[in-house]
Amino acid sequence: QVQLVESGGGLVQRGDSLRLSCVVSGRTFSTYTMGWFRQAPGTEREFVATISWSGGSTNYADSVKGRFTISRDNAKNTVYLQMSSLKPEDTAVYYCALRLGARRSWRDDEYDYWGQGTQVTVSS
C-alpha cells in the first residue's frame, strides 16, 4: 500500500504565503514523479505543478507560474508546494499525486496514487 498525506493548508489573506507538504509512505519505488492538483467547489480538478524524480525538472500551470514553487526531498519522501502572492482564486482543495516512472504529466488520469487533500482558503 502507498499513502500520500498532505498538510499545511489553512485560511490566509490575499498576498500571503503558504507551504504545503506531502509525505509518501508505504511501498517504495525506484522512480516516480509527483504532482500537485487542486479542485475548487463546482469545478473540475486542475493541474498545478509537477516535478521530476531528481527535482531538476518542473512544470507549472500558467495560473500559478511565478508564484508557486514545487520541490521535493527524496530522503524524506516529501514533496512541497510553496505558494506565494496567494489570490482568492487559489482557494481550493489541494491534492498531491504520485506517478510511477520518470515521465511528468499534467493529466490527473495518469497518476497512480493520490492524497486525501488539504483545504486552502484565501480571503480577500
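FYI, the numbering just counts along the sequence from 1. If you're wondering where the values come from, they're calculated on a predicted model, not measured in any experiment.
The two residues G56 and S52 have their closest heavy-atom pair at N-OG, 3.3 Å. Scanning both residues, R67 and S85, for their nearest heavy atoms gives NH1-O, 3.0 Å. When all heavy atoms of R45 and D108 are compared, the closest pair comes out as NE-OD2, 3.3 Å. Minimum interatomic distance between S105 and F47 (heavy atoms only, all atoms of both residues): O-CE1, 3.9 Å. Between L98 and L4, the shortest heavy-atom contact is N-CD2, 3.8 Å. The minimum heavy-atom distance between T50 and M34, with the atom names listed, is OG1-O, 2.9 Å.
Interatomic distance, CE of M83 versus CZ of R38, reported as 9.0 Å (0.5 Å rounding). Rounded to the nearest 0.5 angstrom, Q3 CD and Q116 CD are separated by 9.5 Å. Atoms SG and CD1, on C22 and I70 in that order, are 9.5 Å from each other to the nearest 0.5 Å.
Between Y113 and V24, the closest side-chain pair of non-hydrogen atoms is not below 4.5 Å. In this structure the side chain of S71 never reaches within 4.5 angstrom of the side chain of Q82, judged on heavy atoms. For the pair F29/T31, no side-chain contact is recorded, criterion being any heavy-atom separation below 4.5 Å from C-beta on.
Counting only distance, with no hydrogens or angles, the side chain of R99 and the backbone of E110 share a donor-acceptor pair below 3.5 Å. Remark: the backbone N or O of V48 is not paired with any side-chain donor or acceptor of Y94 at under 3.5 angstrom.
Using a 4.0 Å cut-off between a side-chain N of Lys or Arg and a carboxylate O of Asp or Glu, K65 and D62 qualify as a salt bridge.
Between the side chains of T118 and E6, not a single donor N or O lies within less than 3.5 Å of an accepting N or O. A side-chain N or O of T121 and one of Q119 form a donor-acceptor pair less than 3.5 Å apart.
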* To do: Determine, step by step, whether R19 and S84 satisfy the side-chain contact (heavy atoms from CB on, under 4.5 Å) criterion, reporting the C-alpha distance in whole Å, the side-chain angles of both residues, the deciding distance to 0.1 Å, and the verdict.
  => CA-CA 9 Å; R19 188 177 81 157; S84 303; over 6 Å; no
* To do: Please lay out, stage by stage, how L86 and F68 fare under the test side-chain contact (heavy atoms from CB on, under 4.5 Å).
  => CA-CA 9 Å; L86 283 162; F68 290 12; 3.8 Å; yes
* Step by step, work out the side-chain contact (heavy atoms from CB on, under 4.5 Å) result for V120 and L20. => CA-CA 9 Å; V120 173; L20 305 182; 4.0 Å; yes
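Using a 4.5 Å cut-off between side-chain heavy atoms of Ile, Leu, Val, Met, Phe, Trp and Tyr, with links allowed through other members, W53 and Y80 fall into different hydrophobic clusters. L81 and W106 sit in two unconnected hydrophobic clusters of ILVMFWY residues. Membership requires side-chain heavy atoms under 4.5 Å apart, directly or through other members.
Residues W36 and Y95 keep their aromatic ring centres 6.0 Å or farther apart. Close placement of the F37 and Y111 rings is indicated, their centers lying within 6.0 Å of each other.
For the salt bridge (Lys or Arg N to Asp or Glu O under 4.0 Å) test, no residue two or more places apart in sequence or in another chain qualifies with R72. Applying the side-chain contact (heavy atoms from CB on, under 4.5 Å) criterion to V23, with sequence neighbours excluded, gives T78. With sequence neighbours excluded, the residues forming a side-chain contact (heavy atoms from CB on, under 4.5 Å) with Q13 are D16, S123, listed by chain and number.
In the displayed structure, E89 atom CD is contacted under 6.0 Å by more than 12 heavy atoms of other residues, nucleotides or ligands.
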